[in-house]
Amino acid sequence: MSLSSRMPHCRWVVAALLVLALVSWLGVTHDVAMATLDDALSTAFKSFALAKALNAAISVMQSITADAMVFQVQFGQALDPANDLVERFSWIMFASTASLAMQKVLIQMAGHTLIKALFSLSCLLLAVSLVWGRGVWREWARRAFLLMAFLRFAVLIAALASTWVGDALIGDQREGLYTALDQDRAVFQDVAETQAGMREEDDGVWQRLKDKWDSAVGHPVRDLLTRLDSMTENVVALSAVFIVQTILFPLGFLYLGWRLLGTLTAPLAGRYPVARGA
């Protein structure tokens, strides 16, 4: 008996499954996802390098003792919290970079020939079960399709969605925070290099260093601490941005993808029952 006479309503479902079985072998989505993750990795690496540069500059500045008119200011004490924060920021950036690299590895695994073949087979089994199978076989075929569809496309779609949504919602904020921190890094590095060049001189070291800070940030003590406060806020904000985009977004989209697949395929086990006596 023909498919149209027995199951007029499931023809489109069967056709969609066959199309999915073929689309699984196309490399377009795989290439787009890999290129997108490469761009995200480049941004994460850039921020990781910025964190290490900030850490290095602040470490050099920690050896400076500044005479602030009435009292001595030991910048090592003032810079310790900032240096600890920047070090933790570098850990977060390393975790974000590792998350993106892991997504690339998972997408490469999902694009393996074996996974593609198993997904195509699950599509064919579900299509056949909708036409000739009974309820229990349809349910097993549905579960197999659900599992293979998740393995084949879930990480790929989650990675693309995370990057695109992140760029759309917080991309400008991320770039602004990076620019501000890079400016802080330039000031700190300039001061650190000046201090290092004067380390062997005994006379006029603080005065020259003070003049250098005066030209860079105004009052050498107050404005430097103000810049450190601003840097702290930017570091925390940029850390949150990368945690959201590279960890929370992918996990959230993976969960939503699993629930959506389950919701869409759940009715297939009972929507098209075989007629009695067929």
Side-chain angles (χ1 to χ4, degrees), residues 3 6-38 40-41 95-96 98-166 243-274 278:
L3 174 65
R6 292 187 58 186
M7 297 180 181
H9 295 94
C10 77
R11 287 179 298 175
W12 293 109
V13 177
V14 173
L17 289 171
L18 296 178
V19 170
L20 280 176
L22 295 176
V23 168
S24 175
W25 293 90
L26 298 179
V28 177
T29 54
H30 179 273
D31 294 339
V32 171
M34 296 299 284
T36 302
L37 283 177
D38 284 338
L41 270 172
S96 298
S99 173
L100 292 170
M102 184 171 62
Q103 291 175 49
K104 284 191 65 175
V105 172
L106 292 175
I107 290 175
Q108 290 174 339
M109 294 173 60
H112 192 274
T113 302
L114 178 61
I115 300 297
K116 292 179 180 179
L118 290 175
F119 173 72
S120 297
L121 180 61
S122 70
C123 291
L124 295 177
L125 289 176
L126 183 56
V128 170
S129 71
L130 289 176
V131 180
W132 293 291
R134 297 187 179 276
V136 62
W137 296 109
R138 290 180 190 175
E139 176 59 19
W140 282 108
R142 184 190 73 87
R143 292 183 180 183
F145 170 79
L146 178 63
L147 175 61
M148 294 313 305
F150 187 82
L151 292 177
R152 179 66 183 93
F153 293 112
V155 176
L156 187 150
I157 294 175
L160 286 175
S162 300
T163 303
W164 291 343
V165 172
I243 290 174
V244 169
Q245 184 168 359
T246 62
I247 298 176
L248 296 184
F249 273 1
L251 292 176
F253 280 115
L254 278 176
Y255 175 77
L256 289 177
W258 177 258
R259 295 301 300 267
L260 181 62
L261 270 175
T263 301
L264 292 177
T265 60
L268 295 181
R271 178 175 290 180
Y272 308 111
V274 178

Working to the nearest 0.5 Å, report the span between [atom1] of [X] and [atom2] of [Y].
{"X": "Leu254", "Y": "Gln103", "atom1": "CG", "atom2": "CD", "answer": "8.0 Å"}
{"X": "Phe150", "Y": "Leu260", "atom1": "CZ", "atom2": "CG", "answer": "11.5 Å"}
{"X": "Met102", "Y": "Met109", "atom1": "CE", "atom2": "CE", "answer": "11.0 Å"}
{"X": "Leu146", "Y": "Leu151", "atom1": "CG", "atom2": "CG", "answer": "9.5 Å"}
{"X": "Leu100", "Y": "Gln245", "atom1": "CG", "atom2": "CD", "answer": "8.0 Å"}
{"X": "Asp31", "Y": "Thr36", "atom1": "CG", "atom2": "OG1", "answer": "10.5 Å"}

Give a yes or no on whether the backbone of Ser99 and the side-chain of Thr246 come within a donor-acceptor separation of less than 3.5 Å. no

Quick check: do [X] and [Y] have side-chain heavy atoms less than 4.5 Å from each other?
{"X": "Lys104", "Y": "Leu41", "answer": "yes"}
{"X": "Met34", "Y": "Ile107", "answer": "yes"}
{"X": "Trp137", "Y": "Val128", "answer": "no"}

Taken in chain and number order and not counting sequence neighbours, the residues that satisfy side-chain hydrogen bond (donor to acceptor under 3.5 Å, both in side chains) with Ser162 are none

Testing the basics here: between [X] and [Y], what is the closest heavy-atom pair and its distance to 0.1 Å?
{"X": "Ile115", "Y": "Met148", "result": "O-CE, 3.9 Å"}
{"X": "Tyr255", "Y": "Arg259", "result": "OH-NH1, 2.8 Å"}
{"X": "Ile243", "Y": "Ser96", "result": "N-OG, 4.5 Å"}

For the pair Leu160 and Phe253, evaluate side chain to side chain contact (heavy atoms under 4.5 Å, CB included) and give the outcome as yes or no after the intermediate values. CA-CA 10 Å; Leu160 286 175; Phe253 280 115; over 6 Å; no

Side-chain donor-acceptor pairs of residues 118-127 under 3.5 Å, sequence neighbours excluded:
residue: Ser120; atom: OG; partner: Ala21; partner atom: O; Å: 3.0
residue: Ser120; atom: OG; partner: Trp25; partner atom: NE1; Å: 2.8
residue: Ser120; atom: OG; partner: Lys116; partner atom: O; Å: 3.1
residue: Ser122; atom: OG; partner: Phe119; partner atom: O; Å: 2.6

